Every structure is written in C-alpha cells, then in structure tokens.
Amino acid sequence: MTPNNVNPVQWQQSLGYARNVCARIFRDGGRPADAMAAFGLDTAAAPCDWATVVDRIATQISKAPVRKAA
C-alpha cells in the first residue's frame with residue numbers, strides 16, 4: 001500500500017531498497033530488530049515479522065529529503 005503523502009515512484013524504490021537490505025540481513029542470520037537498528041529506528045518495540053520491518057524502513061527512507069541533480 002502506497003502512503004498518500006509520498007510519491008508512488010519514490011515509495012516503490014524505497015520499498016525495493018528496504019526489501020533488499022532486509023534480505024541481506026536475514027541471509028546473514030540477523031533479526032528484524034537488527035534491520036531496524038541499521039536505519040536508526042527504535043528497536044525497543046521491534047516487530048517480529050519482516051513485512052512490518054520492511055514497511056517501517058521504507059517509510060523512513062521516504063521521509064528523507066530527495067537530492068536533485070544539478
């Protein structure tokens with residue numbers, strides 16, 4: 001589901017990047033809390049499922065300011 005306040009293209013790119021990062025962390029034996037910590041998110045209330053973590057990371061990436069080419 002694409003949030004209403006984010007460009008759909010930016011959301012899809014953020015979601016793809018978050019999935020890629022989470023897959024690497026999972027492959028290396030990491031937990032969802034490790035993925036959230038990698039992006040500076042609060043790990044105290046980290047969910048147990050990867051789908052929620054991917055969405056939270058994608059949301060965090062989408063909030064970052066977009067750099068424009070010169």
Side-chain angles (χ1 to χ4, degrees):
M1 182 175 98
T2 305
N4 292 334
N5 61 340
V6 178
N7 180 346
V9 174
Q10 182 183 9
W11 174 253
Q12 290 300 320
Q13 290 176 343
S14 299
L15 196 58
Y17 183 72
R19 285 178 180 152
N20 189 1
V21 170
C22 286
R24 288 181 183 185
I25 292 172
F26 176 77
R27 181 189 64 207
D28 293 339
R31 298 173 298 136
D34 298 332
M36 291 184 65
F39 283 90
L41 297 171
D42 183 26
T43 59
C48 296
D49 61 320
W50 284 99
T52 306
V53 172
V54 168
D55 284 341
R56 288 186 185 177
I57 291 172
T59 302
Q60 180 70 17
I61 294 170
S62 296
K63 288 181 182 178
V66 177
R67 293 177 31 192
K68 299 193 179 200

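Computed from a predicted model, the values in this text were never measured in an experiment. We use all heavy atoms of the structure for the numbers below, so side chains are in, but hydrogens, waters and symmetry mates are not.
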What residues form a salt bridge (charged side-chain N to carboxylate O under 4.0 Å, His left out) with Arg19, not counting sequence neighbours?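 By the salt bridge (charged side-chain N to carboxylate O under 4.0 Å, His left out) rule, Arg19 matches no residue at all.
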Heavy-atom closest pair, residues [X] and [Y]:
X: Cys22; Y: Ile57; value: SG-CD1, 3.7 Å
X: Ile61; Y: Tyr17; value: CD1-CD2, 3.4 Å
X: Leu41; Y: Gln60; value: CD2-OE1, 3.4 Å

Salt bridge (charged side-chain N to carboxylate O under 4.0 Å, His left out): pairs with one or both residues in residues 26-41, sequence neighbours excluded: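 As it turns out, the salt bridge (charged side-chain N to carboxylate O under 4.0 Å, His left out) pairs with a partner in residues 26-41, which skip direct neighbours, are Arg31-Asp34.
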Pairs of donor and acceptor atoms involving the side chains of residues 46-55, under 3.5 Å and at least two apart or interchain, shall be tabulated with distances.
| residue | atom | partner | partner atom | Å |
| --- | --- | --- | --- | --- |
| Asp49 | OD1 | Thr52 | OG1 | 3.0 |
| Asp49 | OD2 | Thr52 | OG1 | 2.8 |

